[in-house]
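Counting starts at 1 for both ligands and their atoms, following the listed order. What you see is a predicted model; the values in this text were computed from it and never measured. Note: hydrogens, waters and symmetry copies are ignored here, and every other heavy atom, side chains too, is used.
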Amino acid sequence: MRLIILEDADVVADWAARFVMQRVTQFAPGPQRRFVLGLPTGGTPLGMYRKLIQFYKEGKISFKYVTTFNMDEYVGLPRDHPESYHYYMWNEFFKHVDIDPAQAHVLDGNAPDLVAECARFERLIQDAGGVHLFIGGIGPDGHIAFNEPGSSLVSRTRVKTLAYDTLEANKRFFGNDISKVPRQALTVGVGTVMDAKEVMILITGGHKALALAKAVEEGVNHMWTVSAFQQHAQTLFVCDESATLELRVKTVKYFKALSSEHQKMIEDAPVAAQRVLH
Ligand SMILES: N[C@@H]1[C@@H](O)[C@H](O)[C@@H](COP(=O)(O)O)O[C@@H]1O
């Protein structure tokens, strides 16, 4: 595991976007060789999407041969509801870049058969050859995607009933009215994300500090589902200073001492890419 500690949320956004750009461009995707990217929603990755759009406009990256799979979607929200993840992805990212909309997969929370929809999504990921880089965010209770505390750490894409903490955390998007937050969601499983070749989890803000400490310093525990990534061969946690507040000083010092190595991962792309992908 790598823990990359950066100054603030803006630097996290910039670092994450540069990392995605390096991975995609070094892979050199083409019609017969698509790069497969897993994507999150939420407030945390917004800055990364903005940077990626900027890099696209500057001609530094293309998404033409990139296939994407989103982590999750609410059940029962119309696709064009401003809080649906379809709406978010289209408005915050897809419509600004050259991605083929047919290759940008988001779970359908309005499918007549939700179980079949989840199975279809897993099959699509398999047919695409698996995910090269899965980017994730977490909730303050340490959930990844919508894998709430107590979720199986080998779970696959499925329907989940949301925890009260998640409804609380997300009500800000629904006029602060908890009764408006959908009670269920479709989500990739922890196992689905674990199957990706590489995982990058973005964590910013003091309200995520306990979750980061549980993820990094304590054992693998299904009550903090993000802790499962201790057992992934290529995980990066990218966080800001505020998110480190519950970590031991020793942990922070150790990873900060590696910061020049971490910087090379976005500057010295050919070497970094070879190390991780081969
Ligand atoms: N299902 C999503 C998660 O995938 C996301 O990581 C989390 C954090 O969101 P934010 O980045 O807004 O804190 O929110 C929701 O619960």
Side-chain angles (χ1 to χ4, degrees), residues 6 8-10 12-13 15-17 37-51 68-77 81-89 91-93 105-109 118 121 131 133-151 155 157-176 178 180-190 192-194 196 199-212 214-215 224-229 235-240 242-243:
L6 302 165
D8 56 29
D10 287 344
V12 168
W15 199 98
L37 193 56
L39 294 176
T41 54
T44 312
L46 272 178
M48 175 190 75
Y49 289 130
R50 286 187 191 137
K51 279 278 169 185
T68 63
F69 290 94
N70 262 83
M71 297 196 117
D72 42 20
E73 176 59 290
Y74 289 113
V75 168
L77 271 195
H81 187 288
E83 293 310 329
S84 84
Y85 291 167
H86 273 86
Y87 187 95
Y88 172 110
M89 286 311 298
N91 284 289
E92 303 294 350
F93 188 48
H105 306 286
V106 183
L107 282 152
D108 179 1
C118 294
F121 202 72
V131 175
L133 172 63
F134 223 128
I135 306 167
I138 66 165
D141 62 359
H143 72 239
I144 176 127
F146 271 129
N147 292 285
E148 300 287 27
S151 289
S155 50
T157 305
R158 68 211 185 290
V159 187
K160 284 293 289 183
T161 300
L162 303 183
Y164 183 76
D165 282 356
T166 302
L167 302 178
E168 263 300 312
N170 289 357
K171 74 177 184 194
R172 67 192 199 274
F173 299 119
F174 294 85
N176 271 325
I178 200 165
K180 296 219 170 82
V181 189
R183 293 285 189 270
Q184 287 193 312
L186 304 185
T187 179
V188 293
V190 180
T192 318
V193 185
M194 285 288 284
V199 178
M200 172 167 71
I201 299 168
L202 310 178
I203 306 179
T204 58
H207 61 305
K208 307 259 176 94
L210 184 61
L212 179 61
K214 295 282 183 186
W224 299 86
T225 53
V226 65
S227 66
F229 292 89
T235 293
L236 306 171
F237 286 96
V238 187
C239 69
D240 65 354
S242 320

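Checked by atom type and distance alone, the side chain of Glu73 never pairs as donor or acceptor with a backbone atom of Leu186 at under 3.5 Å. When atom types are taken as modelled, the side chain of Thr44 and the backbone of Gly137 share no donor-acceptor pair closer than 3.5 angstrom.
Among Leu202, Val199, Ile138, Val226, the single residue meeting the side chain to side chain contact (heavy atoms under 4.5 Å, CB included) criterion with Phe237 is Val226.
For the residue pair Asn170/Tyr74, the side-chain donor-acceptor check at 3.5 Å is satisfied.
Ring pair His143/Phe146 is tilted by interplanar angle, where 30° to 60° counts as tilted.
In this structure Glu83 satisfies the salt bridge (Lys or Arg N to Asp or Glu O under 4.0 Å) test with no other residue, sequence neighbours excluded.
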Starting from the N and O atoms of ligand 1, find every protein N or O within less than 3.5 Å and list the pair with its distance.
unit_1, atom_1, unit_2, atom_2, d
ligand 1, 1 (N), Asp72, OD2, 2.7
ligand 1, 1 (N), Ala145, O, 3.3
ligand 1, 4 (O), Asp72, OD2, 3.2
ligand 1, 6 (O), Gly137, O, 3.2
ligand 1, 6 (O), Ile138, N, 3.3
ligand 1, 11 (O), Gly43, N, 3.2
ligand 1, 11 (O), Thr44, N, 2.9
ligand 1, 11 (O), Thr44, OG1, 2.4
ligand 1, 12 (O), Gly43, N, 2.7
ligand 1, 12 (O), Arg172, NH2, 2.8
ligand 1, 13 (O), Lys208, NZ, 2.8
ligand 1, 16 (O), His143, NE2, 2.8

